Engineer: 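I have a structure here, written as structure tokens, and I will follow up with some questions on it.
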Amino acid sequence: MDTAELRAARPAARPAAPARRTAALRRALRELGLVAALFLIYKAARVAGADRGSTAVGNGEWIWRVERLFHLPNETAFQRPVLSHELLVHLANGYYAYVHFPATALCLIWLYVRHPVRYLWTRRMLAGLTAAALALHFLAPLAPPRLTALTGMVDTGSRYGPAVYGPPDTDALSNQYAAMPSLHVGWALAVAVALITVTGGRLRWLWLAHPLATLLVVVTTGNHYWLDGIVAAVLLAFVCLVLPRPRTGDQPTHPSTRRPAGWPRQRVQAPQAPPGRADAGDVVRTP
């Protein structure tokens, strides 16, 4: 083939790149739609079980007594020192209000772009944890400490701001009687687990600072008991055990880095040649 024919043949191979980009965009939109649908189902399910206030308060008092029976730290003892520093209260309320969903979304986006196999595993882990949590919310509605008078805890969100919830009797957007398990803690721990598995070195364990900070924040703001976070961690561990582990080596390469089939050709050492034939050091090419 001469030079003119080669030049005429080159443009025919170029449409593959736009086609790959279109397919990648469709996959991304499909994943975005799936995650949005799961979130809407989660919100609808929470709101559907938000009308059992008296039962939830009774369960909250029972949880409070169980924690004292097992000598867990008193949530009020953690909140009281923070209340004397208004800046700390605002920081805790802001962390509760503005970090939960954005941190989870950013983690999923980064995993989808850089670690697709691990992204699928993380998405299933979050979905399994959330489904288990919703089931428990229906079976055992639980008022948070800020809505349980026995605890004596302050609703820092409504008193200092920023507030996430309105009055529970008129709040039609969320179920405030779904304290156990704490999905704030559960999702934060799931994010940390996912990021630890895809990063290297000893510093990767610093990702655990996110769920630890979240646990301290949800307790300090009066939104959860210690047991809410403990139950979330147990449920996440169970989900991780049930889910099949992603196989190493499944990570697909970016389309731009893929090479044509059969390339490069392997160069292997030829076997010892008999006398009178090719030399032993000859190199052969495999198809």
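In what follows, every heavy atom counts, from backbone to side chain, and hydrogens, waters and symmetry copies are set aside. Sequence positions, counted from 1, serve as the residue numbers for this chain. None of these values were measured; they are calculated from a predicted model.
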Engineer: Decide if atom CH2 of W226 counts as having more than 12 heavy atoms of other residues, nucleotides or ligands within a radius under 6.0 Å.
Structural biologist: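 Yes, enclosed.
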Engineer: Has the side chain of R68 got a donor or acceptor atom that lies under 3.5 Å from a matching backbone atom of R65?
Structural biologist: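 No, the answer is negative, given that no donor and acceptor are paired below the 3.5 Å cut-off.
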Engineer: Would you mind listing every salt bridge (Lys or Arg N to Asp or Glu O under 4.0 Å) that reaches into residues 79-102, with sequence neighbours excluded?
Structural biologist: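 Sorted result for residues 79-102: empty, none.
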Engineer: So, the side chain of H90 versus the backbone of P162: is there a donor-acceptor pair under 3.5 Å, distance only?
Structural biologist: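 Checking the backbone N and O of P162 against the side chain of H90, no donor-acceptor pair under 3.5 Å is found.
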Engineer: Examine I230 and L136 and state if one hydrophobic cluster contains both, with Ile, Leu, Val, Met, Phe, Trp and Tyr joined whenever side-chain heavy atoms are less than 4.5 Å apart.
Structural biologist: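 Linked, I230 and L136 end up in one cluster.
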Engineer: What's the separation between atom OH in Y98 and atom CG in N93, rounded to the nearest 0.5 Å?
Structural biologist: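 One finds 9.5 Å between OH of Y98 and CG of N93.
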Engineer: Checking side-chain contact (heavy atoms from CB on, under 4.5 Å) for the pair T122/T197: CA distance, chi angles, key distance, verdict?
Structural biologist: CA-CA 10 Å; T122 304; T197 58; over 6 Å; no
Engineer: Any chance you could measure L243, atom CG, to L120, atom CG, to the nearest 0.5 Å?
Structural biologist: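 Those atoms lie 11.5 Å apart.
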Engineer: Name the residue from T156, N223, T151 that meets the side chain to side chain donor-acceptor pair (under 3.5 Å) definition with R146.
Structural biologist: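 The option that passes is N223.
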Engineer: Has R159 got more than 12 heavy atoms of other residues, nucleotides or ligands less than 6.0 Å from its CZ?
Structural biologist: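 Count not over threshold, so no.
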Engineer: Between the side chain of S84 and the main-chain N/O of P81, is any donor-acceptor distance below 3.5 Å?
Structural biologist: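 Confirmed, S84 side chain pairs with P81 backbone.
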Engineer: What pairs meet the salt bridge (Lys or Arg N to Asp or Glu O under 4.0 Å) rule with one or both residues in residues 179-197, with sequence neighbours excluded?
Structural biologist: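 Sorted result for residues 179-197: empty, none.
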Engineer: Considering the options L147, N59, T55, which one meets the side-chain contact (heavy atoms from CB on, under 4.5 Å) requirement together with L142?
Structural biologist: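 Single side-chain contact (heavy atoms from CB on, under 4.5 Å) partner of L142 among L147, N59, T55: N59.
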Engineer: Closest heavy-atom contact between M180 and V231?
Structural biologist: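 Taking M180 first and V231 second, the nearest heavy atoms are SD-CG2, 4.0 Å.
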Engineer: Rounded to the nearest 0.5 Å, what separation is found between the CG atom of L206 and the OG1 atom of T199?
Structural biologist: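 Going from the CG atom of L206 to the OG1 atom of T199 covers 9.5 Å.
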Engineer: What distance separates D228 CG from E67 CD, expressed to the nearest 0.5 Å?
Structural biologist: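 Going from the CG atom of D228 to the CD atom of E67 covers 7.5 Å.
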Engineer: Can you hop from L208 to W187 via hydrophobic side chains spaced under 4.5 Å?
Structural biologist: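 In one cluster: yes.
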Engineer: I need the minimum non-hydrogen distance between G222 and P145, along with the two atoms involved.
Structural biologist: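 Looking at all heavy atoms of both residues, the closest pair is O-CD, 3.4 Å.
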Engineer: How far apart are the closest heavy atoms of W121 and P244, and which atoms are they?
Structural biologist: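 Smallest interatomic distance, heavy atoms only, reads CD1-O, 3.4 Å.
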Engineer: How far apart are the closest heavy atoms of L126 and T104, and which atoms are they?
Structural biologist: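 Closest pair (atom of L126, atom of T104, distance): CD1-CG2, 3.9 Å.
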Engineer: Do W64 and T148 make a side-chain contact, defined as non-hydrogen atoms from C-beta onward lying under 4.5 Å apart?
Structural biologist: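 No. Closest side-chain heavy atoms not under 4.5 Å.
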Engineer: Quick one: sort the H100 and H184 rings into parallel, tilted or perpendicular, breaks at 30° and 60°.
Structural biologist: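 Taking H184 first and then H100, their aromatic rings lie parallel (interplane angle under 30°).
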Engineer: What's the separation between atom CZ in R245 and atom CG in L241, rounded to the nearest 0.5 Å?
Structural biologist: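 Interatomic distance, R245 CZ to L241 CG, rounded to 0.5 Å: 9.0 Å.
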Engineer: Report whether F78 and L215 are members of the same hydrophobic cluster (ILVMFWY, side-chain heavy atoms less than 4.5 Å apart, transitive linking).
Structural biologist: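 Same hydrophobic cluster.
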Engineer: Out of curiosity, does M153 fall in the hydrophobic cluster containing L227 (side-chain heavy atoms, cut-off under 4.5 Å, transitive links)?
Structural biologist: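 Cluster IDs for L227 and M153 differ.
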Engineer: Around atom CH2 of W110, are there more than 12 heavy atoms from other residues, nucleotides or ligands closer than 6.0 Å?
Structural biologist: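 Yes, enclosed.
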Engineer: From W62 CH2 over to L69 CG, what is the distance, rounded to the nearest 0.5 angstrom?
Structural biologist: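 The distance works out to 9.5 Å.
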Engineer: Of V113, V198, L111, which meets side-chain contact (heavy atoms from CB on, under 4.5 Å) against Y119?
Structural biologist: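 Looking at V113, V198, L111, the match for Y119 under the side-chain contact (heavy atoms from CB on, under 4.5 Å) is L111.
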Engineer: Looking at E75 and Y225, what are the two nearest heavy atoms and their distance?
Structural biologist: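 The pair with the smallest heavy-atom distance is OE2-CA, 3.5 Å.
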Engineer: Which residue pairs satisfy the side chain to side chain donor-acceptor pair (under 3.5 Å) criterion with at least one member in residues 209-219, sequence neighbours excluded?
Structural biologist: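 Qualifying pairs: Y95-H210.
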Engineer: Do you know the tightest heavy-atom contact between L183 and L129?
Structural biologist: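 It is CD2-CG, 4.2 Å.
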